[in-house]
Protein chains: 2
Amino acid sequence: MVTIYDIAKQADVSAMTVSRVINNTGRISEKTREKVRKVMEELNYVPNAMARGLVLQKTGILSLLVTDITNPFYTTVARGAEDAARSLGFKLLLGNSDEDANKEKEYIDMILSTRVDGILITPAGDSSKERLETIVRHGTPFVTIDRDVPGIDCDNVVGDSIGGSRKLIDYLAGLGHRVIALVGGSFDVSTARYRYEGYREALAANDLPYDERLVLQANYRMQDMEAAAEQLLSASSAPTAILAGNNMLALGLLQSFRRRGIDVPGQMSIVTFDDFGHRDLIDPLFTTAVQPAYQFGARGIQLLVDRIEGKSSSSTPQQCMLPNSLVIGSSTGVPRSNGTL
Amino acid sequence: MVTIYDIAKQADVSAMTVSRVINNTGRISEKTREKVRKVMEELNYVPNAMARGLVLQKTGILSLLVTDITNPFYTTVARGAEDAARSLGFKLLLGNSDEDANKEKEYIDMILSTRVDGILITPAGDSSKERLETIVRHGTPFVTIDRDVPGIDCDNVVGDSIGGSRKLIDYLAGLGHRVIALVGGSFDVSTARYRYEGYREALAANDLPYDERLVLQANYRMQDMEAAAEQLLSASSAPTAILAGNNMLALGLLQSFRRRGIDVPGQMSIVTFDDFGHRDLIDPLFTTAVQPAYQFGARGIQLLVDRIEGKSSSSTPQQCMLPNSLVIGSSTGVPRSNGTL
DNA sequence: TTGAAAGCGATACCAC
DNA sequence: GTGGTATCGCTTTCAA
């Protein structure tokens, strides 16, 4: 491997001088600088980030850990984070925890071991607490996005889940729906809880009864969603509409209903959060509380860098809630009848 | 930061012993091992990968650089790569070049600088040649996937673009289409060229005339696709079907046609490559030459690790072509009339 | 304007 | 079984 010493020897200067040329520090004669530059070119020199990081005690790298790299919401978050990191002079490292506590742990260990300057993370769930505490103990700045974790008080960027649920349920109620189910993700995840909370509040606000049998938790596995669909259809008072906890659940439910010959929105309306990048091509187009995914990433990186560079007050975590907007699609319609199919 | 010396002092042993405990090397008494382990726990020790990599001259990290992290095809590739890397004992670093030569260069510089053990890369285009040559000179093993680059003879995993085009065109011809356009990506990218090649071969095989005015190149920007749609509709002999170079182009064209009130497949059939993860939810479902995205990643990592570990013959690059399969959707139908709308 | 030496955190090699 | 020492590639500090 080519090192600064190779360059130094070839250019007949000291390693120190080479280092100065690379980093543009100190005073160097133009002649020497040119000579060194030329040798670096010739030898295809690429600085060793490890050696550099070791002495500088920083890497210039930020890490983004998301829970599902195949979810368009998170890839858009990644785009926002990447652009922001780049413009602030940092590189971005992407990781995928797959909603899995073990993978999350492995990734965090790797990240800490790599000594990145900061971490942007979507926690897999409440159990992420212990992993986040590891990060805290290690002293690496971090920001949570999309989800928060009880017991961890840190900078974070979240969406307005409660408000989103309210808007969606209000809209359904406005259409005349009176029996509305919730199929959400595991309550081990903060967004699922908040969306449930908004759901309950909105039901109350619209004078609709709450029925716990209409609240289902599903993982993102197809069989869960099939089961949820089945269960709702056979409920004694079957719902005419469903609030799906996120885009993936909405898709799964839609598929399940289609397979059972249930028309959406004819027989069942579906509303949800987040979109797919190409929302207008999915038929029906979901009525959605659209969150600013790109902003989640961009804002998160901004907070992270503020923290790294000490611009944030050290004691007060920055909490940032991004608003969503209701987009009406064709997955919703007036209920066919009151509570029965 | 906690180092092995801190551990050593606290546990009243030498740094060497701590290192041995960490790496499970050499003979150590169970008592000492336990003592050291306990101190590591207490102090939340996380090994410094930089220091480690510096002396070991390897990192255990593989890098995957794709051109569009928001394209479901590539996120599935990433999934395959991640799983394979994990099972082979490597970590995976994800990067996104955004189809941009400059970003690609920056990423490669960072990757080389990080001294990853190997690189899996989807080249942005033929101009990637110089960047790949940089990697060659640097001596880091790499494998290209999805696309190949003229002048670079290396391990690679590609799809059967020519065969895919043939199948798609044959299918259209079988439905009775006689005027079929091609809207492909830039010919600076190998897949676009191969798909064009397959298109021409298939036209000839089906005794259909070739008309160069029906061959358009588009970037993945919406305005390009709008322009392409416009141009095809106003052509003297307008096509009744289109082979879209990839999934993104197919989507863009579909949207453009819809906006113009053109029914797909009623007035225009569309076929393409790759899918969207949730293919069956997009209406119409595209008739597609589906490529095994997950395998692209998994196979690529396999080749890469074989190369790293010296299992591949050093002189002969491993070339691997993965087959695609034709999936009939609802984006295709019989032509309305012969060549005119 | 340039260079020598120390040290970042870890491991390999050689003693004991 | 365990410890000392040199070393990986680079930057910082201090001299010249």
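These values consider heavy atoms only, across backbone and side chains, with no hydrogens, waters or symmetry-generated copies. Here is the naming used below: chain letters follow the sequence lines, and residue numbers restart at 1 for every chain.
With a cutoff of under 4.0 Å to any heavy atom of chain B, the contacted region of DNA chain C is bounded 5' to 3' by C:dG9 to C:dC13. On the nucleic acid side, DNA chain D has its first and last nucleotide under 4.0 Å of a heavy atom of chain A at D:dG9 to D:dT12, going 5' to 3'.
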Which pairs would a plain distance check flag for residues 302-311 of chain B, meaning a side-chain donor or acceptor within less than 3.5 Å of a matching protein atom at least two apart in sequence or in another chain?
from	atom 1	to	atom 2	distance (Å)
B:Gln302	NE2	B:Asp306	OD1	3.2
B:Arg307	NE	B:Asp155	OD2	2.8
B:Arg307	NH1	B:Ser313	O	2.9
B:Arg307	NH2	B:Asp155	OD1	2.7
B:Arg307	NH2	B:Asp155	OD2	3.2
B:Arg307	NH2	B:Thr316	O	3.4
B:Glu309	OE1	B:Lys311	NZ	3.2

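Non-hydrogen atoms lying under 4.0 Å from DNA chain C are contributed by B:Tyr45, B:Pro47, B:Asn48, all within residues 33-50 of chain B. Of the residues in residues 8-24 of chain B, B:Val13, B:Ser14, B:Met16, B:Thr17, B:Arg20 come within less than 4.0 Å of DNA chain D through at least one heavy atom, sorted by number.
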Intra- and inter-strand pairing of DNA chain C, written as dot-bracket with Watson-Crick and G-U pairs under 3.5 Å and | for the latter, reads ||||||||||||||||

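Residues B:Arg52 and B:Asn23 have side chains in contact (heavy-atom distance under 4.5 Å, counting atoms from C-beta outward).
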How far apart are the C-alpha atoms of B:Asn48 and B:Thr3, what are their side-chain angles, what is the distance that settles it, and do they pass the side chain to side chain contact (heavy atoms under 4.5 Å, CB included) test? CA-CA 8 Å; B:Asn48 186 318; B:Thr3 73; over 6 Å; no

- Message: Assess the residue pair A:Ile108 and A:Ile121 against the criterion (side chain to side chain contact (heavy atoms under 4.5 Å, CB included)); give the C-alpha distance rounded to whole Å, side-chain angles, the decisive distance to 0.1 Å, and a yes or no.
- Response: CA-CA 10 Å; A:Ile108 289 178; A:Ile121 179 174; 4.0 Å; yes

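B:Thr32 comes within 4.0 angstrom of sugar-phosphate atoms only, judged by non-hydrogen atoms across all strands, and of no base. Contact annotation for A:Leu56: backbone-only contact, meaning every heavy-atom pair under 4.0 Å involves sugar-phosphate atoms and none involves a base.
In this structure, the side-chain contact (heavy atoms from CB on, under 4.5 Å) partners of B:Lys103, at least two apart in sequence or on a different chain, are A:Asp83, A:Arg86, B:Asp98, B:Asp100. Applying the side-chain contact (heavy atoms from CB on, under 4.5 Å) criterion to A:Thr32, with sequence neighbours excluded, gives A:Val13, A:Thr17, A:Ile28, A:Ser29, A:Val36. Take A:Lys129 and apply the side-chain contact (heavy atoms from CB on, under 4.5 Å) test, not counting sequence neighbours, and it matches A:Glu133, A:Val149, A:Ile152.
Here the side chain of A:Ser19 pairs no donor or acceptor atom with the backbone of A:Ala15 at under 3.5 angstrom. The backbone N or O of B:Arg147 lies less than 3.5 Å from no partner atom in the side chain of B:Thr191, so there is not a single donor-acceptor pair. For A:Thr76 (side chain) and A:Pro72 (main-chain N/O), a donor-acceptor pair under 3.5 Å exists by modelled atom type.
Between B:Glu30 and B:Arg33 there is a salt bridge, since a side-chain N of the basic residue sits under 4.0 Å from a carboxylate O of the acidic one. A salt bridge does not link A:Lys35 to A:Glu42: none of the charged side-chain nitrogens sits closer than 4.0 Å to a carboxylate oxygen.
Applying the ring pair (Phe, Tyr, Trp, His ring centres under 6.0 Å) test to every pair with at least one member in residues 293-317 of chain B, sequence neighbours left out, gives these pairs: B:Phe73-B:Phe296. The list of ring pair (Phe, Tyr, Trp, His ring centres under 6.0 Å) pairs with a residue in residues 101-143 of chain B, not counting sequence neighbours, is empty. The list of salt bridge (charged side-chain N to carboxylate O under 4.0 Å, His left out) pairs with a residue in residues 108-122 of chain A, not counting sequence neighbours, reads A:Lys105-A:Asp109.
Taking the nucleotide of DNA chain D with the nearest heavy atom to each of B:Ile28 and A:Arg52, the more 5' of the two is matched to B:Ile28.
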